[in-house]
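Atoms within a ligand are numbered from 1 in the order they appear, just like the ligands themselves.
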Amino acid sequence: MILPIVAYGDPVLRKKCTEIDAEYPDLKELISNMWETMYNAAGVGLAAPQIGKPIRMFLVDTTPFAEDEDLSEAERAQLKDFKRVFINAQMEEETGKKWAFNEGCLSIPDIREDVSRQDTITLRYLDEDFKPHTQTFDGLLARVIQHEYDHIEGVLFTDKLSSLKRRLLKGKLANISKGKIEVDYKMKFPALKRVR
Ligand SMILES: [Zn+2]
């Protein structure tokens, strides 16, 4: 089932999300609905707060990036078929030099901006079978995970822009909250209190 994606301005996107256990109600169904919702919106990642649930869970599938001819062969191989559910993730370490990448977000349609982040991360998380992992990621894969991880901490990529950039985007962001935007997937707008 495709779920409406919560738009910028909804307080759920600002929550520091809470951990879950394997008893979380209808978890398998929720994960399957989140995949469907993400693919329908052509996203490479989706975090639970974006569908209105303030829990520490997000999904990543970087397969579409494997087609990107600007990337090295090694990077494309790493991104191909990387599909994973991250539960109760905790950032252990962020290292390496900062680099800029043009990010977008399904909750903030039509805005893309360069965001600077460190290039290597070590993350502790549970997979969908609640098996623990501690893993290091780098490059674009780390980037997608950092963006989704921010969501479960209540942080959006627009928070990382300069104050000047944020000021310039203010009107556009207000319009997104009001649903004054053309978008080809189902969204829930905080200022409308209804789904469109
Ligand atoms: Zn996002």
Do you see a donor-acceptor pair shorter than 3.5 Å between the side chains of E94 and Q146?
->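 There is such a pair (donor and acceptor under 3.5 Å, judged by atom type) between the side chains of E94 and Q146.
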Would you say the side chains of Q118 and R143 form a donor-acceptor pair under 3.5 Å?
->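 No, because no side-chain N or O of Q118 sits under 3.5 Å from a partner of the opposite role on R143.
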In terms of hydrophobic clustering (I, L, V, M, F, W, Y; side-chain heavy atoms under 4.5 Å; direct or indirect links), are L156 and I152 co-clustered?
->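 No, L156 and I152 fall in different hydrophobic clusters.
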Closer than 2.8 Å to the Zn ion (ligand 1), which protein N, O or S atoms?
->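 Less than 2.8 Å away from the Zn ion (ligand 1) sit C105 SG, H147 NE2, H151 NE2.
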Who else is in the cluster with L168 when I, L, V, M, F, W and Y are joined by side-chain contacts under 4.5 Å?
->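 Direct or chained contacts put L168 with L164.
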Is any side-chain heavy atom of Y125 less than 4.5 Å from a side-chain heavy atom of T134?
->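 The answer is no, as the side chains (C-beta and beyond) never meet within the 4.5 Å cut-off.
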Hey, is the main chain of A89 close enough, under 3.5 Å, to the side chain of R56 for a donor-acceptor pair?
->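 It does hold such a pair.
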